Number of protein chains: 6
Amino acid sequence: MRTIWVINPNTTEAMTATIEQCARAVIAPGTTVTGVTSEIGPASIESHYDEAMAVPGLLRAIARGEAEGVDGYVIACFGDPGLDAARELAAGPVLGIAEAAMHTASHLGRGFSVVTTLARTMGRAWDLANHYGMQRFCRGVHACDIPVLNLETDPDARKVITEACRDAIEEDGSDVVVLGCAGMASMCAPISAELGVPVVDGVTAATLTVQSLITMGLGTSKRLEFAAPPPKDYTTGG
Amino acid sequence: MRTIWVINPNTTEAMTATIEQCARAVIAPGTTVTGVTSEIGPASIESHYDEAMAVPGLLRAIARGEAEGVDGYVIACFGDPGLDAARELAAGPVLGIAEAAMHTASHLGRGFSVVTTLARTMGRAWDLANHYGMQRFCRGVHACDIPVLNLETDPDARKVITEACRDAIEEDGSDVVVLGCAGMASMCAPISAELGVPVVDGVTAATLTVQSLITMGLGTSKRLEFAAPPPKDYTTGG
Amino acid sequence: MRTIWVINPNTTEAMTATIEQCARAVIAPGTTVTGVTSEIGPASIESHYDEAMAVPGLLRAIARGEAEGVDGYVIACFGDPGLDAARELAAGPVLGIAEAAMHTASHLGRGFSVVTTLARTMGRAWDLANHYGMQRFCRGVHACDIPVLNLETDPDARKVITEACRDAIEEDGSDVVVLGCAGMASMCAPISAELGVPVVDGVTAATLTVQSLITMGLGTSKRLEFAAPPPKDYTTGG
Amino acid sequence: MRTIWVINPNTTEAMTATIEQCARAVIAPGTTVTGVTSEIGPASIESHYDEAMAVPGLLRAIARGEAEGVDGYVIACFGDPGLDAARELAAGPVLGIAEAAMHTASHLGRGFSVVTTLARTMGRAWDLANHYGMQRFCRGVHACDIPVLNLETDPDARKVITEACRDAIEEDGSDVVVLGCAGMASMCAPISAELGVPVVDGVTAATLTVQSLITMGLGTSKRLEFAAPPPKDYTTGG
Amino acid sequence: MRTIWVINPNTTEAMTATIEQCARAVIAPGTTVTGVTSEIGPASIESHYDEAMAVPGLLRAIARGEAEGVDGYVIACFGDPGLDAARELAAGPVLGIAEAAMHTASHLGRGFSVVTTLARTMGRAWDLANHYGMQRFCRGVHACDIPVLNLETDPDARKVITEACRDAIEEDGSDVVVLGCAGMASMCAPISAELGVPVVDGVTAATLTVQSLITMGLGTSKRLEFAAPPPKDYTTGG
Amino acid sequence: MRTIWVINPNTTEAMTATIEQCARAVIAPGTTVTGVTSEIGPASIESHYDEAMAVPGLLRAIARGEAEGVDGYVIACFGDPGLDAARELAAGPVLGIAEAAMHTASHLGRGFSVVTTLARTMGRAWDLANHYGMQRFCRGVHACDIPVLNLETDPDARKVITEACRDAIEEDGSDVVVLGCAGMASMCAPISAELGVPVVDGVTAATLTVQSLITMGLGTSKRLEFAAPPPKDYTTGG
């Protein structure tokens with residue numbers, strides 16, 4: 001039995017539960033998916049500051065996973081925080097959900113629109129699109145202006161996001177939608193049904209990509225840049 | 001039970017058998033993989049001309065698959081011939097093996113080297129890297145100068161290819177290898193073991209990507225460019 | 001006397017006649033231009049599928065031209081189908097009309113707008129702009145929503161296309177127009193007169209470029225990628 | 001009197017002293033430069049993991065600086081860790097030393113070579129070059145294979161680095177050198193004298209850039225992405 | 001005492017006075033800034049032709065400065081005319097104001113909008129953004145349609161420009177403004193105050209950048225391309 | 001009878017004679033080609049300074065041509081000096097020889113190598129490749145280290161250049177050569193014969209491109225950027 005950890009790098013356990021459920025819904029027999037909540041960091045990630053402060057907790061979770069023999073990891077925040085560092089720590093594959101969602105969307109059409117939460121996170125989405133070589137496919141990044149933690153409580157959330165997606169594909173001339181937050185993972189199917197275009201959620205996409213990599217026996221190359229970090233003295237905060 | 005067809009767009013059945021075997025080795029329960037040999041076209045694909053002449057046979061196979069309710073397709077030639085047209089025909093997802101291999105390799109390190117068969121096909125590999133946004137990760141394309149149909153018969157093939165891979169990662173400063181021909185699919189594991197870096201085969205990568213897309217209920221967007229082609233009068237050759 | 005074949009890769013002879021007429025109007029003494037209609041394939045090219053299915057007929061025409069000692073070729077469809085394969089077959093130069101039109105337009109201003117037929121073909125135009133390095137000059141691709149075969153029969157065609165061109169240069173801030181279909185070749189002069197900007201037709205641009213290359217004694221390099229394709233067993237369709 | 005903090009995001013105070021000295025040597029009257037050592041994090045930064053773990057300490061230092069009314073900041077590590085987050089926290093300008101060095105070098109010639117410490121950090125330097133739009137000027141990134149903390153103790157360090165610079169400009173055809181580590185700040189002048197090309201150190205470049213921005217009354221835009229991060233519950237590590 | 005010449009490459013002395021005043025307002029003790037008016041060329045620069053005709057006068061000024069031992073130069077026209085040639089002539093650093101403004105703006109936010117004078121100069125601004133690697137940050141170039149020489153006489157100039165800036169940041173989703181003409185140098189502060197975003201003037205930015213380079217002992221590399229031009233026979237105009 | 005002026009922007013008449021001869025050898029009946037020597041400027045162009053100083057003489061020649069009703073122009077220096085300004089002045093088309101050569105070469109193979117005169121001009125060739133969108137095709141720029149004015153007098157020139165071309169295509173993996181100086185125009189045929197790859201000369205390529213544009217009735221768009229320059233007071237040098 002292989003094990004994948006889907007790590008929620010914010011500390012909100014309700015969100016982890018949703019994420020875990022979405023990931024489990026797609027996994028094949030022979031693999032276990034566990035949602036893991038970061039133990040230190042912000043309650044939600046909506047700024048570069050939040051993202052930076054979430055990374056140590058995320059890395060601690062991965063270090064724990066390595067000790068337990070976990071086979072692969074998903075970083076379940078659309079900013080893909082700490083991805084390069086996590087790849088140094090882990091023996092197996094690690095995927096970010098923005099990475100997985102964008103790559104997946106590129107297989108499905110001419111170009112995709114990203115619909116994310118707050119407008120201030122749009123820049124990060126563009127940076128990631130560039131970093132992954134997906135700028136050619138990323139036709140627009142749009143905000144629905146719903147804070148991450150309201151995604152589940154705001155009764156209008158799905159409707160607002162659906163409309164944002166509809167506007168996005170019109171404005172961008174795109175034919176695929178990427179949902180830009182782990183907290184939107186459960187909205188894929190209904191939005192796709194309503195809009196008639198593929199809608200990609202990064203949590204499921206990343207979980208399945210990690211599963212595929214494990215199946216092929218592939219993990220991060222340890223040849224040079226992503227080899228285990230050299231041992232070092234660390235001063236911990238007081 | 002879901003069905004994926006892995007279509008060999010050349011007419012050499014022995015090659016289809018190898019491809020099918022590699023694809024089957026990684027598939028999850030609940031999905032059937034069938035290797036399909038194109039009925040018209042060249043015995044192997046080693047030029048733009050071969051590629052162009054292979055496409056009608058490939059598209060005929062996909063049309064047949066659609067009639068039989070096939071859920072997704074892999075185009076098992078590293079030039080990804082006919083991919084856009086195939087996406088118009090098919091309701092479900094279609095992946096090329098270069099596409100899948102390059103995307104997969106981008107998750108595993110800083111940059112990959114492609115090792116392909118004849119030097120004249122290197123340009124096509126670069127074109128595809130650009131087309132998929134993978135030029136950032138593709139650090140070099142190298143030829144081993146073994147014709148496609150000799151890959152299984154030449155007793156030195158694996159050794160020559162292994163050395164070409166070793167030289168490529170040194171020269172390119174890369175940390176991942178992509179094998180640039182469907183006929184090399186079975187060589188991944190031994191080459192990876194010998195060189196100590198991840199080695200990606202497109203046949204397995206594409207098969208697993210298609211499997212994942214089917215699991216997520218995702219196929220090519222039919223919103224605009226990849227909608228079913230408009231009906232048209234065709235004059236067939238005499 | 002040198003000979004250029006302008007090949008219409010669809011099977012509609014009326015369209016070939018228009019194309020031939022446009023090409024002949026610009027050719028210099030000492031060169032003959034002949035319009036050639038593909039013998040197999042679709043009646044018009046409006047999808048990736050049509051394009052793929054048109055290529056074998058196009059290549060057969062080029063093979064015939066080589067046997068007859070033709071000096072150069074134009075592929076008269078704005079998707080430039082089969083261009084790389086044609087270059088392998090031909091000893092002399094081969095140009096696509098999108099290629100020629102985009103390069104020509106880049107000499108005339110800051111940036112051009114492409115006005116093509118159906119919206120589903122816009123993606124292909126962008127792919128070609130990228131492939132030829134012309135994305136810097138290509139400011140927009142626009143559809144007039146007139147099917148190829150209606151270009152000559154629809155009495156409003158020229159008016160609709162003129163308005164599409166006018167909107168395109170306004171919206172894109174461009175200063176040159178490229179007409180994105182061989183069937184529009186005869187509309188250049190009146191649209192240019194009406195809009196006051198250069199309007200480029202690919203058929204004439206490609207014919208003159210081929211004529212120039214022949215004059216300079218230049219043809220496709222046979223050094224590596226575009227050498228004659230290696231002989232191969234072909235299975236023909238039943 | 002204006003104040004600039006040059007923050008060493010590793011915890012090695014000896015390195016801070018060198019950095020502070022270099023920064024002070026160039027500052028104009030009317031501005032005070034203070035070297036600040038991060039209180040939590042790694043002793044040196046030589047991996048993505050080190051970098052990620054250094055960020056919270058860096059951000060804590062900036063928060064403290066804001067409370068004290070500091071006018072601008074330099075992040076004195078060539079990976080520019082935490083730059084985006086720091087820009088959210090600070091009212092005034094924040095520069096990374098890789099950012100400042102690369103921009104500075106772009107004013108001085110056709111292209112620069114970066115010479116950094118360990119080979120595993122080369123990828124990060126390339127990422128930053130891309131991020132800052134400097135890939136056009138960055139002709140190569142080279143490692144001297146001296147660990148950060150040995151830069152001051154290894155008696156051969158300067159000689160080894162000088163030779164690495166000499167090889168780099170030859171190999172890259174470059175005409176400017178960028179030193180890729182804050183710990184090399186004091187080596188600029190002698191290496192430049194020996195090689196006869198401009199050699200750029202990021203610590204002085206960033207300090208002077210921050211000084212210039214303060215003089216012009218310019219700081220990070222607070223319009224959208226880099227506005228102060230929204231308040232949030234944080235769980236701190238145990 | 002170090003000396004910087006800020007050269008106005010048009011022949012309008014009133015404009016030089018404004019430029020000099022702006023540059024002097026930011027310079028540190030120990031450096032003198034002198035505004036220099038080109039002695040030959042156009043009264044203002046609003047076309048490629050004007051720019052080309054301004055360059056010999058600019059270069060003559062630089063040659064004179066070299067004879068007088070000037071330490072560095074600013075080319076105070078947003079087209080950065082003659083920059084490469086000036087770098088060959090000068091021993092010390094030379095900056096263009098578009099170059100300096102764009103680099104400076106890139107340190108302050110996600111992306112900037114340029115607001116320039118006449119629409120016909122927008123293409124040049126884009127060319128420079130590409131040339132400096134700043135296309136990633138340059139989100140839009142906008143014209144206020146006020147001729148250069150009316151900037152000081154038109155009583156509505158500042159209001160019109162302010163509105164153009166406001167529209168630009170809305171339309172582009174940018175968070176920083178770059179003023180695209182040396183004649184706008186004095187408008188930075190009030191426009192920034194009104195719009196609440198950083199507004200960058202190239203004259204001050206370039207002056208401070210040159211001052212910083214001189215402080216660091218850095219000038220244009222003389223290794224290859226920018227070495228002193230080889231002596232040559234020149235035929236002067238009659 | 002249409003007239004094309006091929007302007008040599010240096011003042012060396014012997015070079016104009018060679019250029020004119022090459023241009024005349026390819027022109028079609030109905031067009032006259034005249035070589036024109038610039039009356040002011042440097043004897044040869046081997047630096048940015050030379051190039052800048054050559055532009056006013058070039059523009060004066062074009063103004064004279066316009067007065068005489070010339071139909072199109074070639075700027076016969078591989079740095080394409082003054083091209084944008086010339087396009088503002090001329091009613092008909094204007095081509096640079098680097099522009100024409102690079103575009104022409106892109107039709108002939110996978111990628112070209114440029115072989116130019118002095119190493120210090122290599123940067124300009126790269127800038128032009130980027131400017132024209134040809135960086136994708138330009139695989140390398142190489143210097144033969146023969147000064148422009150020695151090309152005709154140095155008895156070894158052709159041999160040295162031939163060897164530089166041979167090395168370039170090997171090193172770059174290219175399949176086409178571009179000769180990077182108007183003074184090499186007559187060497188195309190023998191070098192191509194010796195190396196077996198297409199060798200492109202910009203003088204003939206540009207002349208034929210201008211001839212084609214005239215035939216199609218196409219000239220520079222006067223819609224915005226390249227409209228006639230606004231009238232202006234000019235101070236002429238004393």
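Model, not experiment: these values are computed from the prediction. Numbered from 1 within each chain, the chains take letters A, B, ... in sequence-line order.
Neither the backbone nor the side chain of Thr121(B) comes within contact range of chain C, judged by heavy atoms closer than 4.5 Å. Ser44(C) touches chain B through backbone and side chain together, each having a heavy atom under 4.5 Å away. Using a 4.5 Å cut-off between heavy atoms, Asp84(B) touches chain C through backbone and side chain atoms alike. Only the backbone of Arg124(B) comes within contact range of chain C, judged by heavy atoms closer than 4.5 Å. Only the backbone of Ala228(B) comes within contact range of chain C, with heavy atoms under 4.5 Å apart. Proximity to chain C (any heavy atom under 4.5 Å) is restricted, for Glu88(B), to the side chain, taken from C-beta onward. Looking at Leu89(B), only its side chain comes within 4.5 Å of chain C, counting heavy atoms on both sides. Neither the backbone nor the side chain of Asn10(B) comes within less than 4.5 Å of any heavy atom in chain C. The parts of Asp50(C) that come within reach of chain B are both its backbone and its side chain, each placing non-hydrogen atoms under 4.5 angstrom from that chain.
Contact annotation: the side chain of Lys232(C) never approaches that of Met53(B) to less than 4.5 Å [non-hydrogen atoms, C-beta and beyond]. Within the 4.5 Å cutoff, the side chain of Thr235(B) has heavy atoms near those of the Thr11(C) side chain. Two residues are said to be in side-chain contact when any heavy atoms from C-beta on lie closer than 4.5 Å; His131(B) and His131(C) fail this criterion. Between Pro230(C) and Arg120(B), the closest side-chain pair of non-hydrogen atoms falls below 4.5 Å.
Of the listed residues (Pro147(B), Pro81(B), Pro42(B)), the greatest number of heavy-atom pairs within a distance under 4.5 Å of chain C belongs to Pro42(B).
Counting heavy atoms of neighbouring residues, nucleotides and ligands inside a 6.0 Å radius, atom CG of Asp233(B) does not exceed 12 of them. Heavy atoms of other residues, nucleotides or ligands lying less than 6.0 angstrom from CZ of Arg158(C) number 12 at most. Within 6.0 Å of CD in Glu13(B) there are 12 or fewer heavy atoms belonging to other residues, nucleotides or ligands.
Note that CG of Asp127(C) and CG of Asp127(B) are 11.0 Å apart. Values are rounded to the nearest 0.5 Å.
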